[in-house]
Structures are given as structure tokens and as C-alpha cells.
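In what follows, a single structure is set out as C-alpha cells and then discussed.
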Amino acid sequence: TSTRLLLPLLLLALGACATVPGTGRRQLNLMSLDQEMSLGREAYAEAMGSSPVVRSGPDYEMVQRVGERVAKAARQLYPNPAKRFDWEINLIDEPRTVNAWALPGGKSAVYTGLLRITGDEDSLAVVVGHEVAHAIASHGAERMSHQMGFTGGMMVAGLILETKVEDPEKAAMYMAALGAGGTVGVMLPFSRLHESEADELGLYIAAAAGYDPRTSIGLWERMASAGGDGPPEFLSTHPSEETRIQRLRKAMPKAMRYYNKAQRRMGAAP
């Protein structure tokens with residue numbers, strides 16, 4: 001019985017491999033782009049329906065300007081899927097919320113509380129580029145696919161344990177250990193991988209939009225100061241700020257090439 005359940009899962013996983021634009025990493029994605037974008041539109045409508053949106057003023061204009069330039073750069077660097085996105089960005093008036101997000105399909109938002117941390121337009125573009133990179137790389141769909149695979153694997157493990165372990169309490173203990181091991185050993189590292197991947201791709205997108213990628217270092221230093229004490233990195237869905245900064249420094253030469261090219265195109269000195 002367990003073999004008959006496991007085989008379809010393996011075949012489904014093999015047939016659902018995709019490639020992340022910009023990095024070439026192979027990923028498990030059980031969703032089509034149309035399905036992702038449909039979910040993104042639904043989530044966006046729900047979020048906007050209950051949020052106080054800023055419609056005018058200097059901060060609004062800055063967010064719109066960043067959104068337009070980032071969307072243009074994303075279409076240039078990663079046309080598949082970015083050219084299919086219906087791009088839109090909003091500024092949500094929540095001064096205590098230090099956050100931004102982008103959904104599959106290009107719908108995104110920035111909270112006013114983030115602006116006191118970013119401090120300037122270049123740093124804001126790095127954050128928006130990061131969030132857009134999650135959508136470009138289909139990270140949400142990949143997480144859902146992993147969760148489906150993880151749940152299926154746990155079901156198969158449970159069936160195997162039922163036939164191999166006579167003591168129900170011992171079987172439950174094994175299942176708990178498998179669940180914890182899978183979360184710490186598989187699910188959390190993938191979350192950190194997604195964040196690192198979005199850091200890199202987002203840096204390139206912001207740089208290609210003509211924003212100085214070097215501001216990302218100071219940005220994450222400010223994020224570290226504002227964040228307080230967090231869980232150990234291996235128990236977190238995000239890399240530590242120190243790890244992020246190290247990886248951003250490694251990606252910086254390529255980002256600077258994008259930035260210098262954008263500056264020449266815009267008629268400004270790098």
C-alpha cells in the first residue's frame with residue numbers, strides 16, 4: 001500500500017520541476033503561472049479591501065516611481081514570467097508595520113512604517129526588488145508544493161510505521177521526530193534559501209532599475225538594529241542579517257555592472 005502511494009508522489013514531483021529565472025536552480029512547483037496569478041489577485045483584493053491606502057503626497061509618489069522602475073527592470077531581466085504580470089504597487093498607511101510584499105502576478109505593497117528604516121529611495125528599491133523577486137521566482141508556489149510533498153511523505157511514513165511498529169505510542173513518537181526533523185532539516189532551510197535567492201535577484205533588479213545596490217548593506221545593518229533579538233538562524237525562516245550582508249557583498253560586482261549600465265542609459269555618471 002505504501003509503495004502504491006509513494007510512486008505517484010515521486011512521478012508527480014519529477015514532472016513538476018521548473019527552473020528559477022536568473023539562478024537556474026531547479027525547483028518543485030506543482031502550480032501553473034495562471035494558478036499562481038489567480039491566487040495573487042484574490043489575496044491582493046482581500047488585502048487592499050481592509051487597508052488604509054495612501055493616494056497622494058511625496059511618499060506615495062516615491063513608491064509609485066520605485067514600483068514603475070522596478071517593474072520595468074524585472075521585465076527586462078526576467079521577461080518570463082515578468083512580462084505576463086499585471087504590475088501595481090500601493091502604499092499602506094500603517095506606521096508601526098515595517099514590511100512590504102509582492103504577490104504572484106506583480107501586485108505589491110509597501111507599509112509606511114518601512115520608510116523610516118529604508119530612509120531613501122535606493123534602499124526602498126532594494127526592498128521592493130527583493131519582494132518582486134519572490135514573485136518572479138515562484139517562491140510561494142514552491143513553498144506550497146513542498147508542503148504538499150511533505151504532507152504526502154508524512155502520510156506514507158505513518159502507513160509504514162503502522163505496519164512496522166506495534167506500539168502506537170512509539171509510532172507516534174517516531175512521527176513527531178520525523179515531523180520536527182523535516183521542519184528543521186528541510187522546510188526551514190528552503191525558506192532561508194528563498195530569502196537569499198530573493199536578496200540576490202532583488203539586488204540585480206534594483207540595480208538594473210538605476211538604484212544604487214550598495215545601499216543594501218546599510219539597509220540590512222539598519223534592519224538588524226531595528227529587529228532586536230530573533231531566534232537562532234537554523235530555527236528561522238530568514239537568514240541572519242550578517243549572512244545576508246555577506247551574500248550581498250558577494251553579489252555586488254554583478255549588481256554594480258547592472259547599475260553602471262543603467263546609469264549610462266539614463267545619462268548619469270555611475
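Note that the numbering runs from 1 along the sequence shown for the chain.
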Next on the checklist: Is there a salt bridge (charged side-chain N to carboxylate O under 4.0 Å, His left out) between Asp86 and Lys107? Walk through the geometry before answering.
Outcome noted: CA-CA 7 Å; Asp86 182 19; Lys107 307 290 189 183; 3.2 Å; yes

Next on the checklist: Please determine whether side-chain hydrogen bond (donor to acceptor under 3.5 Å, both in side chains) holds for the pair Arg222 and Thr118, giving the CA-CA distance in whole Å, both sets of side-chain angles, and the decisive distance to 0.1 Å.
Outcome noted: CA-CA 8 Å; Arg222 293 193 297 277; Thr118 54; over 6 Å; no

Item to check | Lys250 and Glu200: CA distance, side-chain angles, deciding distance, salt bridge (charged side-chain N to carboxylate O under 4.0 Å, His left out) verdict | outcome: CA-CA 9 Å; Lys250 185 176 180 181; Glu200 179 183 352; over 6 Å; no

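For the residue pair Gln27/Ser138, the side-chain donor-acceptor check at 3.5 Å is not satisfied. There is a side-chain donor-acceptor pair under 3.5 Å between Glu195 and His134. A donor-acceptor contact closer than 3.5 angstrom is absent between the side chains of Arg25 and Thr19. Between the side chains of Asn90 and Tyr44, at least one donor-acceptor pair of N or O atoms lies under 3.5 Å.
Evaluation of the salt bridge (charged side-chain N to carboxylate O under 4.0 Å, His left out) rule for Arg249 yields no partner, not counting sequence neighbours. For the salt bridge (charged side-chain N to carboxylate O under 4.0 Å, His left out) test, residues two or more places apart in sequence or in another chain that qualify with Asp212 are Arg214. In terms of the salt bridge (charged side-chain N to carboxylate O under 4.0 Å, His left out) criterion, residue partners of Glu121 (sequence neighbours excluded) are, by chain and number, Arg65.
Between Leu91 and Tyr111, the closest side-chain pair of non-hydrogen atoms is not below 4.5 Å. Between Leu33 and Phe85 there is a side-chain heavy-atom pair separated by less than 4.5 Å. Side-chain contact between Val110 and Val128: present, with at least one pair of heavy atoms (C-beta onward) separated by less than 4.5 Å. Met31 places a side-chain heavy atom less than 4.5 Å from the side chain of Leu39. By the 4.5 Å heavy-atom criterion applied to side chains, Asp59 and Val54 are not counted as neighbours.
Ring geometry, His130 versus Trp220: the interplanar angle exceeds 60°, so the pair is classed perpendicular (tilted spans 30 to 60°).
A cation-pi arrangement is absent between Arg55 and Tyr60, since the terminal nitrogen or guanidinium carbon is not both under 6.0 Å from the aromatic centre and inside a 45° cone about the axis.
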